[in-house]
Novice: 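Right, I'll just put the structure down here and ask away after.
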Number of protein chains: 2
Amino acid sequence: MRSENESDVQKRRSFIEEARRAQIVASAVEVIAEGGFAQASLARIAQHAGISKGVISYHFAGKDDLMVEVVERTYGLIAETVGAKMQGLSSAGELLRAYILGVAGHMRGHRTQLAALAEIFTNLRGADGRPRYGIKANEEIYRALEQIYSLGQESGEFRHFDRRVMAITQSSAIDNMFAYWVAYPDHDLDAHARELADIFERACRS
Amino acid sequence: MRSENESDVQKRRSFIEEARRAQIVASAVEVIAEGGFAQASLARIAQHAGISKGVISYHFAGKDDLMVEVVERTYGLIAETVGAKMQGLSSAGELLRAYILGVAGHMRGHRTQLAALAEIFTNLRGADGRPRYGIKANEEIYRALEQIYSLGQESGEFRHFDRRVMAITQSSAIDNMFAYWVAYPDHDLDAHARELADIFERACRS
DNA sequence: TCATTTTCTGACCGCATGGCCAAAATTTAG
DNA sequence: CTAAATTTTGGCCATGCGGTCAGAAAATGA
């Protein structure tokens, strides 16, 4: 277990360590998605994973550290999936629609993970009491959307509007589509997504 | 203090009791708006109000009771203000715009109260662990918006769309306008509201 | 004034939490 | 097989929470 590779010394991790971390993160996701962030204690997460509480403290620096890792392991997936669906498209209108439908498609396959992610985003706070992930965590999304808008405005396909406001609006619309679907699982997610695509297409085009 | 009026016996409240309750509610609003729901303990609320912790327990059945009262004392104001601004209007498009601009106007004058309200909505949970105010608290708003949409669709001013999805989208857009403004106080709230009015006017009209 | 009622205080309780650690168990290396 | 390193256990701790309470203080009413 020493010369596996020459990665940095202070952070080398054994296979079993990685497996444990993944297991703990998965358990945390399930506990949070099931009962909310507030009651997701280390004891509960450990019990749900069938291990002792101390193991979590051994593998993670603290509860915050665990939560941050949950976010990191979940967050990148959306960009990947959606990016793939947007490959090859060039018109801003097509990109807009592909983005919305792509996100909705990803939601259907990752309900619990994204529910946990949303819980952490709204509840996890830093040492100063300020939200650790708030509006700021959406900056990346805002910029991606604004890029689409710029494309459409330059080509004349879209009218002139405040790109930041449009990005906030569209992003929040998608977030709430998810929240509504979580609250009412019978809600038709795909139909909702198509309606959203219609709404923002009309809101944007010249 | 006995025959002040013949209201129901079990709930009669003295003037000083009412003053204390109002004071405690105000303190709770400020503490929540300042540091979030999680760190708004009874001790902190009491300290901020300059009173002993026991006083809160004396005037309120429990922390939940206090939070519910915060919501009740804050929630009705919006409907009043906005309703007034919509008086006399008849076309759906005018109503839509008046609604959005009216809510934004109310926000500017009630920042801390509404910030606390939002905190409570997303954090307060009932005995079962489910959110006490979540999607459901918005039902009233959804129905009001859907009524405007129906009006416009019947008159032909609005196209056909899913009214529930539109209501969710518009309501979330307004919520996030507020959240963004709280995070970035320099953000131009009125300009944002006008942009929203444009967006939803275009999204709705035939 | 003085007895009665209302209000307030500050200490205390039980509980749950996140974090800690010595010792046990397990895995790995020689 | 044995010794060393890694991993796990289960109990312990300090902290902060909401809630309770006896007694002090203040307001009230005659």
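The model shown is predicted, which means the values in this text are computed figures rather than measured ones. The chains referred to below are lettered A, B, ... by the order of the sequence lines, with proteins before strands, and numbering in each begins at 1.
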Novice: Nearest-Å distance, CZ (Arg21(B)) to P (dC8(C))?
Specialist: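 Answer to the nearest Å: 12 Å.
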Novice: Assess, by modelled atom type and distance only, whether the side chains of Arg20(B) and Tyr58(B) contain a donor and an acceptor separated by less than 3.5 Å.
Specialist: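 The criterion, which ignores hydrogens and geometry beyond distance, is not satisfied for Tyr58(B) and Arg20(B).
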Novice: Going by an N to O cut-off under 4.0 Å, is there a salt bridge joining Glu94(B) and Lys85(B)?
Specialist: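 Looking at Glu94(B) and Lys85(B), the cut-off is not met.
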Novice: Side-chain N or O of Tyr58(B) versus OP1/OP2 of dT7(C): is the shortest distance under 4.0 Å?
Specialist: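 So the side-chain polar atoms of Tyr58(B) do come within 4.0 Å of the phosphate oxygens OP1 or OP2 of dT7(C), strictly under.
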Novice: Check the distance between dG18(C)'s C1' and Asp65(A)'s CG and give it to me in whole angstrom.
Specialist: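 For the pair Asp65(A) CG and dG18(C) C1', the rounded distance is 14 Å.
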Novice: Taking only distance into account, with no hydrogens and no angle test, what donor-acceptor pairs under 3.5 Å do side-chain atoms of residues 35-47 of chain B form with protein atoms, sequence neighbours excluded?
Specialist:
residue, atom, partner, partner atom, Å
Gln39(B), OE1, Arg44(B), NE, 3.2
Gln39(B), NE2, Val31(B), O, 3.4
Gln39(B), NE2, Gly35(B), O, 3.3
Gln39(B), NE2, Gly36(B), O, 3.0
Ser41(B), OG, Arg44(B), N, 3.2
Arg44(B), NE, Gln39(B), O, 2.9

Novice: Give the rounded distance in Å between these two atoms: CD of Gln47(B) and P of dC17(D).
Specialist: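 Roughly 11 Å, once rounded to whole Å.
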Novice: In this structure, how many angstroms lie between the P atom of dG16(D) and the NZ atom of Lys63(B), rounded?
Specialist: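 Rounding to the nearest Å, NZ of Lys63(B) and P of dG16(D) are 15 Å apart.
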Novice: Does the pair Arg163(A)/Glu154(A) count as a salt bridge with the N-to-O cut at 4.0 Å?
Specialist: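 Not counted as a salt bridge, because no side-chain N and carboxylate O are separated by less than 4.0 Å.
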Novice: Is any NZ, NE, NH1 or NH2 atom of the basic residue among Glu201(A) and Arg194(A) found under 4.0 Å from an Asp or Glu carboxylate oxygen of the other?
Specialist: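 No salt bridge links Glu201(A) with Arg194(A).
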Novice: Take the protein atom CZ of Phe60(B) and the nucleotide atom P of dT7(C), then report the distance between them rounded to whole Å.
Specialist: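 So the two atoms are 13 Å apart, to the nearest Å.
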Novice: So which of residues 37-45 of chain A are in contact with DNA chain D, with a heavy-atom cut-off of under 4.0 Å?
Specialist: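 Per residue number, the list is empty: none.
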Novice: On the ring face of Phe60(A), is Arg21(A) found with NZ or CZ under 6.0 Å from the centre and within 45° of the axis?
Specialist: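 Cation-pi check for Arg21(A) and Phe60(A): passes.
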Novice: Is the shortest distance from a Lys or Arg side-chain nitrogen in Arg164(B) or Glu139(B) to a carboxylate oxygen in the other one below 4.0 Å?
Specialist: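 Judged by the 4.0 Å cut-off on N to carboxylate O distance, Arg164(B) and Glu139(B) do form a salt bridge.
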Novice: Quiz question: going by heavy-atom distance under 3.5 Å, is there a donor-acceptor pair between the base of dG10(D) and the side chain of Ser52(A)?
Specialist: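 Flag set: donor-acceptor pair detected.
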Novice: Kindly give the atom pairs (protein nitrogen or oxygen, nucleotide nitrogen or oxygen) under 3.5 Å for nucleotides 11-14 of chain D.
Specialist:
none

Novice: Considering only NZ, NE, NH1 and NH2 on the basic side and carboxylate oxygens on the acidic side, decide whether Glu18(A) and Arg73(A) come within less than 4.0 Å.
Specialist: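 Salt bridge present between Glu18(A) and Arg73(A).
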Novice: Send over the distance from Ile56(B) CD1 to dG10(C) P, rounded to a whole Å.
Specialist: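 In whole Å, dG10(C) P and Ile56(B) CD1 are 14 Å from each other.
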Novice: dT8(D), OP1 or OP2 - any side-chain N/O from Arg20(A) closer than 4.0 Å?
Specialist: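 Checking Arg20(A) against dT8(D): at least one side-chain N or O falls below 4.0 Å of OP1 or OP2.
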Novice: Kindly confirm or rule out a cation-pi arrangement of Arg108(B) over Trp181(B), judged by NZ or CZ under 6.0 Å from the six-membered ring centre and within 45° of its axis?
Specialist: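 Here Arg108(B) fails the 6.0 Å and 45° test against Trp181(B).
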Novice: Measure from the side chain of Val55(B), starting at C-beta and using heavy atoms only, and say which of dC8(C), dG19(D), dT8(D) lies closest.
Specialist: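 Of all the options, the side chain of Val55(B) is nearest to dC8(C).
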Novice: Nearest whole Å is fine: how far is dT17(C) P from Leu66(A) CG?
Specialist: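 Going from Leu66(A) (CG) to dT17(C) (P), I get 15 Å.
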Novice: Whole angstroms only, please: what is the CZ-C1' distance between Arg125(B) and dC17(D)?
Specialist: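 Checked: the CZ to C1' distance equals 18 Å.
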